[in-house]
Undergrad: 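Next up is a structure, given as structure tokens.
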Amino acid sequence: MANDVSQALYLRAKNYIPGGTQLLSKRPEMFLPNLWPSYYRRAKGVEVWDLDENRYVDMSYNGIGACVLGAADADVDAAVKAAIDSGSMSTLNAPEEVELAELLCELHPWAGMVRYARTGGEAMAIAVRIARAQTGRDPVAFCGYHGWHDWYLAANLAEDHALDGHLLPGLEPTGVPRGLQGTAIPFRYNHTEELESIVAAHPHKLAAIVMEPVRNDEPRDDFLQAVRAIASDIGAVLIFDEITSGWRLNSGGAHLIYGVEPDIAVLGKAMSNGYAMAAVIGKPSVMESAQRSFISSTYWTERVGPAAAIATIYKHRRCNVAAHLIEVGRAIQSGWKLAAERAKLQLEIGGLPPLSHFSFVTDMKQEARTLFTQLMLERGFLATNSFYASFAHQERHITDYLKAAEEVFCLIAATLQNGTPTSLLAGPVAHTGFQRLT
Ligand SMILES: Cc1ncc(COP(=O)(O)O)c(C=O)c1O
């Protein structure tokens, strides 16, 4: 499938936009250098048309996790159009802010107050600011990825410039004030002892413990309860980042399933199905501290984001979207397993079903992954080694995709046997991203 128009536009983009895109995970080099279509003309459900009018079925990230109902969902778009028609911005505030706050607190009965932002990273920065305002402390212990802001990238500042970046490979802290060194300290998921040593090294000094309640692995040995107990014991604010884990397993934050209450939870991405919206929800005793700091931005008051979120949440609940996402994710995971067995290919499969991923068990992982993307693209699929389920994924998408995946696994297995996956590659090997330290 030729996509010359897209390729030409991406070359132009690189002249004007450092890095070519606004999000690392949308860089074509991360998928298939020189061949990934990069731009879309339109998207509907899980179908995407590139600038050259090639049609693909998205069996990859579906808007990097945002399009939980599918692209251009009719119900959400109707609410957005109504919001636009009644004025997306004014000197006065949008009443949808209050309706959404009440809805979020109804879904999360432990929370009583809400602030908004429009992107995940900035919402996390707000949450950490509130925690620091609340406690009067600086250091933050964290697990996982939480965006691009200084508080987080500070984790990659070492004593020595040359050592910068070693804790979270791929996240360069250049431009982050060196004075923040030592203020963000990582621990790994399910490793309570690592959090305990951070606490021991900073007795009663942590402002917050920041983590996703669940991502790749289920919590083991009451991990979440242990983290909750530590946070309460040392007076640190427990922040659950639900930007990606939320709205996948249930209608709301995944922590509701595990029965552990944070002090603050942050929701975004899937909450508004492709429109910019993020929410910081929390216990009133903690959220009130937002008033003791300056946290304020013009476009946090526009109307489209909350209107989209309200419509998305109602539909999510009404249609039991989470059950569909789990079912689709399970079908994909078991389909990968079967296809790999038939192709005699070794795969490691993991992730929560709605956020599934696999990796090729070979020392030519990256070559094999690039080849997978290329061969699937030739068969009409946007595909990589991650699959984010959408409500718009239907049985026929799954069947067609798994049939193609099996064919492609067989081709990859043959090249791996003689050590030549690059022989079939039409371009360079894909770049690697960053590590989440989960
Ligand atoms: C857990 C988590 N936190 C924060 C972010 C950052 O969100 P955003 O890209 O909207 O700034 C992401 C994005 O992938 C995420 O998965």
Side-chain angles (χ1 to χ4, degrees), residues 19 21-27 30-31 60-68 115-131 140-156 168 170-171 176 184 186-189 208-217 219 224 227 238-249 252-255 258 262 264-281 297 299-300 304-305 308-309 312 325 350-352 354-357 384 386-390 432-438:
T21 66
Q22 319 306 314
L23 181 74
L24 183 69
S25 313
K26 281 203 182 184
R27 290 212 183 140
M30 304 284 289
F31 296 89
S60 61
Y61 292 109
N62 286 283
I64 321 297
C67 299
V68 76
R115 283 293 310 258
Y116 299 118
R118 289 296 178 274
T119 72
E122 63 174 356
M124 287 306 297
I126 293 172
V128 168
R129 173 77 71 76
I130 293 175
V140 169
F142 74 91
C143 163
Y145 170 73
H146 304 290
W148 67 277
H149 286 250
D150 283 1
W151 76 264
Y152 176 64
L153 289 189
N156 262 355
L168 307 168
L171 295 173
V176 175
F187 62 96
R188 283 175 302 161
Y189 195 78
I209 300 173
V210 180
M211 59 184 287
E212 297 182 84
V214 63
R215 178 76 186 225
N216 280 334
D217 303 311
L224 296 179
V227 173
L238 178 57
I239 301 173
F240 280 164
D241 176 344
E242 295 265 17
I243 291 162
T244 290
S245 57
W247 318 102
R248 312 282 166 193
L249 302 173
H255 65 270
Y258 298 100
I264 289 180
V266 179
L267 299 153
K269 288 215 195 200
M271 180 174 70
S272 42
N273 204 58
Y275 295 95
M277 192 60 200
V280 180
I281 68 174
S297 178
Y299 272 118
W300 289 346
V304 166
T312 304
L325 303 181
L352 302 173
L355 304 169
S356 295
H357 54 80
T384 177
S386 291
F387 169 79
Y388 284 13
S390 163
T432 47
F434 58 85
Q435 275 179 20
R436 289 176 177 270
L437 201 87
T438 51

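Along the sequence shown, residues are numbered consecutively beginning with 1. First listed ligand is number 1; within each ligand, the first listed atom is number 1.
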Undergrad: Out of all atoms in ligand 1, which are within 4.0 Å of some heavy atom of D241? Include the element for each.
TA: 1 (C), 2 (C), 3 (N), 4 (C)
Undergrad: Geometry only, no angles: is E212 polar-contacting ligand 1 at N/O separations under 3.5 Å?
TA: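 No; the residue has no nitrogen or oxygen that sits under 3.5 Å from a nitrogen or oxygen of the ligand.
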Undergrad: Which heavy atom of I64 sits nearest a heavy atom of K269, and at what distance?
TA: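 Closest pair (atom of I64, atom of K269, distance): O-NZ, 3.0 Å.
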Undergrad: If I take atom CG from residue L352 and atom CG from residue L325, how far apart are they, to the nearest 0.5 angstrom?
TA: 11.0 Å
Undergrad: Taking 4.0 angstrom as the limit and counting only heavy atoms of T244, give me the atoms of ligand 1 inside it, by number and element.
TA: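 Checking each atom against T244, I get 15 (C), 16 (O).
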Undergrad: Can you find a non-hydrogen atom of K269 under 4.0 Å from ligand 1?
TA: yes
Undergrad: N/O of W148 under 3.5 Å from N/O of ligand 1, yes or no?
TA: no
Undergrad: Examine F142 together with Y152 and report whether their ring centres are nearer than 6.0 Å.
TA: yes
Undergrad: Say whether E242 and H255, considering side chains only, have a donor N or O and an acceptor N or O under 3.5 Å apart.
TA: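 Present: a donor and an acceptor within the cut-off.
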Undergrad: Under 4.5 Å between any side-chain heavy atoms of S386 and Y61, yes or no?
TA: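 A side-chain contact exists here, since the closest heavy-atom pair is under 4.5 Å.
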Undergrad: Is it the case that atom CZ in R27 sees more than 12 heavy atoms from other parts of the structure closer than 6.0 Å?
TA: yes
Undergrad: Atoms of ligand 1 less than 4.0 Å from G121 heavy atoms?
TA: 6 (C), 7 (O), 8 (P), 11 (O)
Undergrad: Would you mind running through ligand 1 and noting each atom that sits below 4.0 Å from a heavy atom of H146?
TA: 3 (N), 4 (C)
Undergrad: Are any of the N/O atoms on G147, whether in the backbone or the side chain, positioned under 3.5 angstrom from an N/O atom of ligand 1?
TA: no
Undergrad: To the nearest 0.5 Å, what is the distance between CD1 on I126 and CH2 on W151?
TA: 13.0 Å
Undergrad: Using a plain distance cutoff, I'd like to know if T119 has any nitrogen or oxygen under 3.5 Å from a nitrogen or oxygen of ligand 1.
TA: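 No; every N/O pair is 3.5 Å or more apart.
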Undergrad: Show the atoms of ligand 1 that are less than 4.0 angstrom away from any heavy atom in G120.
TA: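 Answer for ligand 1: 7 (O), 8 (P), 10 (O), 11 (O).
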Undergrad: Are any of the N or O atoms of I243 closer than 3.5 Å to those of ligand 1?
TA: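 By distance alone, the answer is no.
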Undergrad: Heavy atom of E122 under 4.0 Å from ligand 1?
TA: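 The answer is no: ligand 1 sits nowhere under 4.0 Å from a heavy atom of E122.
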Undergrad: Are L267 and I243 close enough, and set up right, to give a side-chain contact (heavy atoms from CB on, under 4.5 Å), and what steps lead you there?
TA: CA-CA 5 Å; L267 299 153; I243 291 162; over 6 Å; no
